[in-house]
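Before any comments, here is the structure.
Whatever order the structure lists ligands and atoms in, that order sets their numbers, starting from 1. Only this structure's heavy atoms are used, side chains among them; waters, hydrogens and symmetry mates stay out.
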Amino acid sequence: MRLSKLAVALTSLFVFAGAVAIRQQSDGELEPPAPWQVTKLSTFSPSGRPGSSPLARILANVTNPSAIPAGPGASSPSFAPSEANCTVEWAWADAQPYGAVHECTTAPPAEASSSKWTVEILESDPGAYAPTEKLDVKFTLTLTSSSDRDGEAYSKVLVATQHFEVGDNMRGTCGGSGVCSWGLNEELTPLSIQPTIACEGTC
Ligand SMILES: *[C@@H]1O[C@H](CO)[C@@H](O)[C@H](O)[C@H]1NC(C)=O
Ligand SMILES: *[C@@H]1O[C@H](CO)[C@@H](O)[C@H](O)[C@H]1NC(C)=O
């Protein structure tokens, strides 16, 4: 009788210790990823005059300056920092840039590393503003580890969306010809944005 009571006590002690260990590990995983930096954001809209380019453009450069753990646990390898130059172009007079995912130029190059950046322009205030003057920019960083011995790759998808608006965090000018150029205010550059983990494991 005595012995089995002791056994029960010991068992629950181990269960308790195990629960603490699991909680500590998931606490570490739940820590938000380190901020990214938008090092440039600019937009351009054309004049629409015959003979000039009909394309509007949004340029965005983003950097993840921190290593990101590739898996759970402190001993896991990590994904290296990376940066990207992103360009979105569309026919100003007859299209919208919204809802399309564009691959960015990533450094280190996508073939050599596990990092891939994309950008998507989201409509911020439907119908009311030009996409070059008021917009939400969604950056997605997809990290993929090389397959392990079992052929399993480990992925992590991080996402951050930032609002940009002329008169708020953007300024610029329109020329007499009708072209307009706007950009993230210099004193706000680089702009820190907070990513969240959208998926991890097999994404
Ligand atoms: C972005 O463009 C700048 C200037 O052209 C270049 O120095 C940098 O390496 C580029 N970065 C990427 C990720 O392509
Ligand atoms: C941003 O990327 C563009 C190319 O898309 C490049 O010309 C420019 O130099 C880059 N700027 C910074 C600050 O990285």
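Atom 5 (O) of ligand 1 is not flagged as protein-proximal [any protein heavy atom, distance under 4.0 Å]. Counting protein heavy atoms under 4.0 angstrom from atom 2 (O) of ligand 1 gives one or more.
What sits closest to atom 9 (O) of ligand 1 on the protein, heavy atoms only, is Glu83 OE2, 4.1 Å.
Side-chain N/O atoms of Thr106 and Ser82 include no donor and acceptor closer than 3.5 Å.
Atom CG of Leu158 sits about 10.0 Å away from atom OG of Ser115, to the nearest 0.5 Å.
Residue contacts with ligand 1, taken as heavy atom pairs separated by less than 4.0 Å, do not involve Asn61 at all.
Looking only at distances, no side-chain donor or acceptor of Asn185 sits under 3.5 Å from a matching main-chain atom of Glu187. In terms of modelled atom types and a separation under 3.5 Å, the side chain of Thr43 and the main chain of Thr132 share a donor-acceptor contact. A distance-only check finds no donor-acceptor pair linking the side chain of Asn85 to the backbone of Cys104 [under 3.5 Å].
Contact of the Lys156 side chain with the Thr144 side chain is not registered, since no non-hydrogen atoms from C-beta on lie closer than 4.5 Å.
Interface atoms of ligand 1 facing Ala107, defined by a heavy-atom separation under 4.0 Å, are 13 (C). Proximity to Thr106 (heavy-atom distance under 4.0 Å) selects the following atoms of ligand 1: 13 (C).
Geometrically, ligand 2 and Asn85 share a nitrogen or oxygen pair separated by less than 3.5 Å.
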